[in-house]
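In what follows, a single structure is set out as structure tokens and then discussed.
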Amino acid sequence: MNSTTAHRLSKVPEVTLIFWIIKIAATTLGETGGDAVSMSMNLGYLLATAIFAAVFLVAVCAQIKAKHFHPTLYWATIIATTTVGTTLADFADRSLGIGYAGGSTLLLVLLLGSLAVWYRSLGTIAVDSVNSPKAEMFYWVTIMFSQTLGTALGDWTADTAGLGYTGAALLFGAMLALLVVAYYRSNISRTLLFWAAFILTRPLGAVVGDFLDKPLTAGGLALSRYSASAALFAFILTCLLFFRQRAAKKAH
């Protein structure tokens, strides 16, 4: 397959500023939305995970079957990964008693393993290579692990490490800022920087989401999980309506 055909079949968006804005909003929505179903609706982490896992599988199948890049479908699938990642991490960390440190370590191993197998199988993990069902499967499995890791890592940093939601948000924000500097001032692999940034946006979204809906006594704003989720969802839809997104055309 020549490069022109590969570009035409790319199923993921170009990585631009609006991509990162929507990504952070989507990860924050994943936290508030996941908590709304598991906690506010009192369904529990296991049942909520089963519900979101079913949504995730349907979304991924639709994404893989699609012939071209569809922004709405892509971001719906991203949101599905963030919600199932939230409830799955909470189930493992809290219900199974693995703890934030154990859960974060396990998920980091799974994430790195997914990237390694993907690279060994296809020879690249660049975004513009996601143009075949096999590459898409690796892509979405890797993203699901990264979203789940982000929830556990965000909770670990904010709670166990004692930084609180604001402190944790500043920490992850500063780490993302360093990646931006590295992008413009160094020769570090753009693919490596992309995945590092993609992973770090999830714990940032997790702690921002917790900051919005956790009680005042816990350091949050005590906002309604439903209203916060609705506002974030509306923001994402607005971005999709007003900012055109195109399929990726170069490695990131």
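Predicted model, so just to flag it, every value in this text is computed and none were measured.
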Between [Y] and [X], is there a side-chain heavy-atom distance shorter than 4.5 Å?
{"X": "D155", "Y": "D210", "answer": "yes"}
{"X": "F138", "Y": "L115", "answer": "no"}
{"X": "T151", "Y": "T82", "answer": "no"}
{"X": "Y139", "Y": "K134", "answer": "no"}

Kindly work out whether a path of hydrophobic side-chain contacts (I/L/V/M/F/W/Y, heavy atoms less than 4.5 Å apart) joins [X] to [Y].
{"X": "M137", "Y": "V12", "answer": "yes"}
{"X": "I18", "Y": "L241", "answer": "yes"}
{"X": "L46", "Y": "V84", "answer": "no"}
{"X": "L171", "Y": "L204", "answer": "yes"}
{"X": "V208", "Y": "L170", "answer": "no"}

Scan side-chain atoms only and decide if [X] and [Y] contain a donor-acceptor pair under the 3.5 Å cut-off.
{"X": "S114", "Y": "T142", "value": "yes"}
{"X": "Q147", "Y": "T81", "value": "yes"}
{"X": "T86", "Y": "R202", "value": "yes"}
{"X": "S38", "Y": "T87", "value": "no"}

Looking only at heavy atoms, which two atoms of [X] and [Y] are closest? And how far apart?
{"X": "F19", "Y": "Q245", "value": "CA-NE2, 4.1 Å"}
{"X": "F52", "Y": "G33", "value": "CZ-O, 4.0 Å"}
{"X": "Y165", "Y": "V207", "value": "CB-O, 3.8 Å"}
{"X": "T124", "Y": "A126", "value": "OG1-N, 3.0 Å"}
{"X": "L240", "Y": "W75", "value": "CD2-CD1, 3.4 Å"}
{"X": "T28", "Y": "I24", "value": "OG1-O, 2.8 Å"}

Notebook entry, point to check: Under 6.0 Å from the CZ atom of R246, do we count more than 12 heavy atoms belonging to anything else shown?
Noted result: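 Incorrect, the count does not exceed 12.
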
Check: For atom OH of Y226, is the number of surrounding heavy atoms from other residues, nucleotides or ligands below 6.0 Å larger than 12?
Finding: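 Yes, enclosed.
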
Next item on the list: Would you please test L221 and D213 for side-chain contact (heavy atoms from CB on, under 4.5 Å) and show each step?
Entry: CA-CA 6 Å; L221 295 179; D213 64 32; over 6 Å; no

Margin query: The test is side chain to side chain donor-acceptor pair (under 3.5 Å); show your working for R225 and S40 and say whether it passes.
Written below: CA-CA 8 Å; R225 294 187 179 105; S40 298; 2.9 Å; yes

Margin query: Please verify the inter-ring angle class for W195 with W118; under 30° counts as parallel, over 60° as perpendicular, anything in between as tilted.
Written below: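 Correct class here is perpendicular.
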
Next item on the list: Determine the interplanar angle of the F194 and F198 rings, folded into 0 to 90°, and report it as parallel if under 30°, tilted if 30 to 60°, perpendicular if over 60°.
Entry: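 Aromatic pair F194/F198 classed tilted.
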
Check: So, is the end of the R190 side chain (NZ or CZ) under 6.0 Å from the ring centre of Y183 and within 45° of the ring's axis?
Finding: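 Checked: cation-pi criterion met.
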
Next item on the list: Cation-pi check, K11 to Y74: give yes when NZ or CZ is under 6.0 Å from the six-membered ring centre and within 45° of the ring axis, no otherwise.
Entry: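 Judged by the rule, K11 and Y74 form no cation-pi pair.
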
[X] side-chain N/O to [Y] backbone N/O, donor-acceptor pair under 3.5 Å:
{"X": "T83", "Y": "I79", "answer": "yes"}
{"X": "T157", "Y": "L153", "answer": "yes"}
{"X": "T32", "Y": "L29", "answer": "yes"}
{"X": "S104", "Y": "A101", "answer": "no"}

